Amino acid sequence: MDVGLFIIGIALLIVSYLVGVKKQTWLLAGFNEKMVKNKSLLGTLVGLLFFVPLGLLTIILSVVDFANEGTIIVVTMVILFGVVAVLINRRLLDS
């Protein structure tokens with residue numbers, strides 16, 4: 001068991017709870033509050049579609065030993081970020 005990955009996974013789940021459930025969007029770095037129409041939906045999308053799967057995957061990979069776990073995490077992070085970015089750009093940003 002990789003303790004470092006487990007702690008990172010728990011931290012990601014805590015951030016997911018704070019952003020997705022408690023709607024504390026100030027934790028999201030670099031977003032412009034004036035451009036986002038619905039901050040509640042932003043918190044839900046980012047918290048539940050990005051941080052939860054990434055946190056759960058990190059916890060699973062900390063328990064199960066894979067040879068390329070870093071690659072799996074990075075590829076998953078890029079795919080999730082791309083999906084969330086497209087959803088945010090299509091639904092939440094003022095054009």
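Residue numbers start at 1 and run along the sequence shown. Not measured: the values here are computed from a predicted model. Just the heavy atoms: all of them, side chains too, but no hydrogens, waters or symmetry mates, feed the values below.
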Query - Path from V52 to V75 over hydrophobic side-chain contacts below 4.5 Å - result: no
**Report entry** Rounded distance [0.5 Å steps], CG in D65 versus CE in M1
**Finding:** 12.0 Å
Query - Co-membership, hydrophobic cluster, residues L56 and V46, 4.5 Å side-chain - result: yes
Report summary line: Tested for side-chain contact (heavy atoms from CB on, under 4.5 Å) against T76, the lone hit among I73, L80, V74 is L80
Would you mind writing out the side-chain donor-acceptor pairs for residues 3-25 within the sub-3.5 Å range, not counting sequence neighbours?
| residue | atom | partner | partner atom | Å |
| --- | --- | --- | --- | --- |
| S16 | OG | G47 | O | 2.8 |
| K23 | NZ | G20 | O | 2.5 |
| K23 | NZ | T44 | OG1 | 2.6 |
| Q24 | OE1 | W26 | NE1 | 3.2 |

Requested in this report: Run through T71, L61, I60 and flag the one making a side-chain contact (heavy atoms from CB on, under 4.5 Å) with F66.
Outcome: L61
Query - CG-CG distance between L41 and L87, expressed to the nearest 0.5 angstrom - result: 9.0 Å
Query raised in the report: Could you give the distance from CZ (R91) to CG (N38), rounded to the nearest 0.5 Å?
Result: 11.5 Å
Requested in this report: Indicate, with yes or no, if M77 and V83 share a hydrophobic cluster defined by side-chain heavy-atom contacts under 4.5 Å among Ile, Leu, Val, Met, Phe, Trp and Tyr.
Outcome: yes
Query raised in the report: Is it the case that one hydrophobic cluster holds both M35 and L92, taking links as side-chain heavy atoms less than 4.5 Å apart, direct or via other members?
Result: yes
Requested in this report: Would you sort out whether L42 and I88 count as a side-chain contact (heavy atoms from CB on, under 4.5 Å), showing the intermediate values?
Outcome: CA-CA 7 Å; L42 174 74; I88 288 171; 3.5 Å; yes
Query - Distance, nearest 0.5 Å, that separates CZ of F51 from CG of L45 - result: 12.5 Å
